[in-house]
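The structure appears below as structure tokens.
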Amino acid sequence: MACHDPEQGKSTDRDRETGERARRVALGICTRCGKHPAMPGRKSCEPCLEKRRKADRAKYAAGKAAGKLYGGADPEVRKRAARARTRRRRTARLEAGLRVRCGAHPPVEGRVSCQPCREKRHAAERRKYAARSAAGLCTRCGGPFHDGRSRCAVCAAIEQAARNPERKNKISRRRYRLRRELGLCTSCGAPSQGASRCTPCAERSYHGSAHFRGMPAHPPSFAVFLRDTDECLGTFDDEMEVAAFLAFEKLARDRVEIVADRPWLASLAARE
């Protein structure tokens, strides 16, 4: 009587299972039960997939209760499965025209976020900014800062290097138009009763103007004196007239002294 070889029997079973699996894949049916069509992009039918998910959830819960990392599963396998689920979910939401992150609303035109997600993110950023500012920390990275600034030295340098004047001006113009359409103050966003600025912002702007800060800064005049005799050769309204006079009279610059009649108090009390 011939002796049965266990290893040969296992090899035969594997070959038979591989052939049966390939046959089912070619027919487009579930490779597990062979009874139902496989789901799109998968090799199993929905009942078999649900059965497997149920068993995986029970195994994960038991492993988690025992304090095992990833419920006792292989971390790399769990990461690959999570990435695959993320890709499938992302593709399905993009094809449906929905926001990739929440999958509940379409994104705002020209952007990848929907309006509810944008408002939620902006609210979270404002809360974080206020908390860091109140704690005396850099509002960008959360580190310490000095000299009463809202940014630390590193973040300030990075922000300055990445600043785009055209983008900033575009954002400012868009914010100005939106606030004007809503009847809000274009400076702070508070109600302004149809005016371009609310009363506090308008007063602050007026108090910082040359009309409020004292004497006006009149254009200076220039007097030309001859160094040898201290004789005043004439007064002129600007430096171009002085240069033309010296060229016409053929006077060297070292022979004359030019005095600008600019009141020093005007530079302190008014803006040009």
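All heavy atoms count here, side chains included; hydrogens, waters and symmetry mates do not.
- Evaluation of the side chain to side chain donor-acceptor pair (under 3.5 Å) rule for Arg32 yields no partner, not counting sequence neighbours.
- Inter-residue side-chain proximity for Pro47 and Cys33 is flagged as unmet; no heavy-atom pair is nearer than 4.5 Å.
- Results of the side-chain contact (heavy atoms from CB on, under 4.5 Å) test with Tyr176 over Arg180, Arg173, Arg174, Arg179 single out Arg180 as the only residue that passes.
- How far CG of Leu184 is from CD of Gln193: 10.0 Å, rounded to the nearest 0.5 Å.
- Cluster partners of Leu27 are Ile29, counting Ile, Leu, Val, Met, Phe, Trp and Tyr whose side-chain heavy atoms approach within less than 4.5 Å, directly or via other members.
- Heavy-atom neighbours of Arg121 CZ from other residues, nucleotides or ligands within 6.0 Å: above the threshold of 12.
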Determine, stepwise, if the pair Leu178 / Arg175 fulfils side-chain contact (heavy atoms from CB on, under 4.5 Å). CA-CA 5 Å; Leu178 178 61; Arg175 182 173 61 242; 5.8 Å; no
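- Under the 4.5 Å side-chain criterion, counting only non-hydrogen atoms from C-beta, Cys102 is in contact with Cys114.
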Can you give me every donor-acceptor pair (side chain of residues 84-93, partner residue at least two apart or in another chain, under 3.5 Å) with its distance?
from	atom 1	to	atom 2	distance (Å)
Thr86	OG1	Ala82	O	2.9
Thr91	OG1	Arg87	O	2.9
Arg93	NH1	Val100	O	2.7
Arg93	NH1	Arg101	O	2.9

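- With salt bridges taken as basic N to acidic carboxylate O contacts below 4.0 Å, one links Arg53 and Glu50.
- Annotation for Val154: hydrophobic cluster partners, listed by chain and number, are Ile158 (ILVMFWY side-chain heavy atoms under 4.5 Å, direct or chained).
- No option in Glu119, Arg126, Lys120 other than Arg126 meets the side-chain contact (heavy atoms from CB on, under 4.5 Å) test with His122.
- Residue Met39 shares its hydrophobic cluster (ILVMFWY side chains chained together at separations under 4.5 Å) with Leu49.
- Annotation: the span from Ser133 atom OG to Lys128 atom NZ amounts to 14.0 Å, rounded to 0.5 Å.
- The two residues Cys185 and Ser192 make their nearest non-hydrogen contact at N-OG, 3.5 Å.
- To the nearest 0.5 Å, the span separating OG on Ser113 from NE2 on His105 amounts to 12.5 Å.
- Across Cys152 and Cys138, no two heavy atoms sit closer than the pair N-SG, 3.3 Å.
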Cys117 and Arg99: side-chain contact (heavy atoms from CB on, under 4.5 Å), yes or no, with the steps? CA-CA 9 Å; Cys117 286; Arg99 157 81 162 132; 3.9 Å; yes
Name each donor-acceptor pair under 3.5 Å that joins a side chain in residues 235-260 to protein atoms two or more places apart or in another chain, with its distance.
from	atom 1	to	atom 2	distance (Å)
Asp238	OD1	Met240	N	3.2
Asp238	OD1	Glu241	N	2.9
Glu241	OE1	Asp237	N	3.2
Arg253	NH1	Val256	O	3.3

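- Here CZ of Arg78 is found 10.5 Å from CG of Leu69. Values are rounded to the nearest 0.5 Å.
- Here NE2 of His36 is found 7.0 Å from SG of Cys48. Values are rounded to the nearest 0.5 Å.
- Taking the charged nitrogens against the carboxylate oxygens, Glu20 and Arg23 do have a contact shorter than 4.0 Å, which makes a salt bridge.
- A salt bridge does not link Glu203 with Arg197: every distance from a Lys NZ or Arg NE/NH1/NH2 to an Asp or Glu carboxylate oxygen is 4.0 Å or more.
- Between Lys51 atom NZ and Cys45 atom SG the span is 8.0 Å, to the nearest 0.5 Å.
- A side-chain donor-acceptor contact under 3.5 Å links Thr31 to the backbone of Lys43.
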Residues Lys54, Arg57; criterion side-chain contact (heavy atoms from CB on, under 4.5 Å); working and verdict: CA-CA 5 Å; Lys54 185 177 180 180; Arg57 286 193 293 267; 4.0 Å; yes
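- In the hydrophobic cluster analysis, where Ile, Leu, Val, Met, Phe, Trp and Tyr join through side-chain heavy atoms closer than 4.5 angstrom, Val224 is grouped together with Leu226.
- Using modelled atom types, one side-chain atom of Thr186 and one backbone atom of Ser196 make a donor-acceptor pair closer than 3.5 Å.
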